[in-house]
Amino acid sequence: MSSASAQGTKRKNCGTCEGCLSPNCGMCSHCKDMPQFGGSYSIRQRCKLRKCIMASSRVEATLKDRKELASLARAHGAKKASLWAAALRAGNEYTTAVRTPSVRLDEGLSEGWGAHTSMLLEDTPVEVRMDEEGLEGVFYLANIVSAPPEDATQVRVRYRDLWETEEGTERLVEEADLTNIRLQPPPSPEGYIDLVRPGDSLELFYDEGWWEVLVLEVSRKPIEPESITQAGADRRDELQLRVISKIYDKEHDVGTADVRPGVRVSPLPPFFA
DNA sequence: GCCAACGTTGGC
DNA sequence: GCCAACGTTGGC
Ligand SMILES: [Zn+2]
Ligand SMILES: [Zn+2]
């Protein structure tokens, strides 16, 4: 004689809540335990998605289960756990949306230095490559102060993020070799980040400059629904990258906002050259 | 009798 | 404190 029967409590399912109206999801631990999903039937519990919220003896836990399943579904691109479950049963695989931009991520794609000298006008946004010891390979954003004469080897630049003084009221202006100047690259192609794999090279904006880094690890985590913004509404997960500087052996954990792919530069067409 | 799944518990 | 495991039962 169990105490369960002594208490005589077995609440009835309401029949109308989200749980009651859901099918077996087939992916929760309770479903996986069921013989129809190949389980050994040792847990013997109702599907976590199907649990009736009215009959639940532990509402908190039931809600948490639902939330976890919903979040899992979203991470796979489905709007709701039940839709994901339905798709899975139908044999369709929901996967994270994959875009296929025509981008190749090659080793060492920081090109174009000194390539577009004839296009430098007053105020043109450029990047300046450092050649001093310890900063080799770092690029800082700058603007051309005045267009260089035709036979010039140097040009005067005003850095965007470097300052004359500690207070940071006046931007640093200096002469830079034209061979260390390039036009600022175009915006990163949409979706390139989904192609990034460990071993790829990227550029990291850090300490006011761009640094070449090597990708060590790529991890994905689902975005909680409350933090999905309108702008990024099609994105259900976000990437976290572990990268290492090619110059220093320093590792960084970064989001995707601070990185960009390297740039391959084509020669100028004859008209500009 | 059969099946779904409830409440309890022991082991972690 | 949680949860896998299980004996057991309500509904059919
Ligand atoms: Zn389930
Ligand atoms: Zn219900």
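So that the names make sense, note that chain A is the first sequence line, chain B the second, and so on, each numbered from 1.
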Quiz: residues 38-45 of chain A side-chain donor-acceptor pairs under 3.5 angstrom, not counting sequence neighbours:
from, atom 1, to, atom 2, distance (Å)
A:S42, OG, A:D33, OD1, 3.4
A:R44, NH1, A:Y41, O, 3.2

Identify, between A:K12 and A:K48, the residue whose nearest nucleotide on DNA chain C lies closer to the 5' end. A:K48
For residues A:G209 and A:W211, report the shortest heavy-atom separation together with the two atoms involved. O-CD1, 3.2 Å
Please identify each residue that fulfils salt bridge (Lys or Arg N to Asp or Glu O under 4.0 Å) with A:R66, with sequence neighbours left out. A:E18
I want to check one thing: is the phosphate of B:dG7, taken as OP1 and OP2, less than 4.0 Å away from some side-chain N or O of A:S57? yes
Quick one: is B:dC6 close enough that its OP1 or OP2 comes under 4.0 Å of any side-chain N or O from A:K51? yes
Rounded to whole Å, CZ of A:R46 lies from P of C:dA5 at a distance of 22 Å
Round to a whole Å and report the spacing from CZ of A:F37 to P of B:dA4. 12 Å
Please state how far atom CD in A:E60 lies from atom P in C:dC3, giving the value in whole angstrom units. 14 Å
Inter-end axis angle, the helix from B:dG1-C:dC12 to B:dC12-C:dG1, with every axis fitted to five base pairs (rounded, 10 degrees): 20°
Contact under 4.0 Å: A:R44 side-chain N or O vs B:dG7 OP1/OP2: no
Atom CG of A:N13 to atom P of B:dC6: distance rounded to whole Å? 6 Å
Closest to the A:I43 side chain, choosing from B:dA5, B:dC6, C:dA4: C:dA4
Mind checking A:R50 for me? I need base, sugar-phosphate or nothing, with any heavy atom below 4.0 Å counting as a touch. sugar-phosphate
Check the distance between B:dT9's C1' and A:Q45's CD and give it to me in whole angstrom. 13 Å
Not counting sequence neighbours, which residues clear side chain to side chain contact (heavy atoms under 4.5 Å, CB included) with A:D177? List them please. A:D131, A:Q154, A:T179, A:N180
Apply the side chain to side chain contact (heavy atoms under 4.5 Å, CB included) test between A:K48 and each candidate in A:S29, A:S22, A:C25; give the one that qualifies. A:S29
Once hydrogens and angles are ignored, does a donor-acceptor distance under 3.5 Å link the base of B:dA5 to the side chain of A:Y41? yes
What is the distance, rounded to the nearest whole Å, between atom CG of A:D33 and atom C1' of C:dC3? 12 Å
My understanding is that only residues two or more places apart in sequence, or in another chain, count here; which of them pass side chain to side chain contact (heavy atoms under 4.5 Å, CB included) with A:M130? A:V128, A:E132, A:L135, A:V138, A:Y140, A:Y159
Round to the nearest Å and state the distance from A:K32 atom NZ to C:dA5 atom C1'. 18 Å
By side-chain hydrogen bond (donor to acceptor under 3.5 Å, both in side chains) - contacts of A:S56 (at least two apart): A:T62
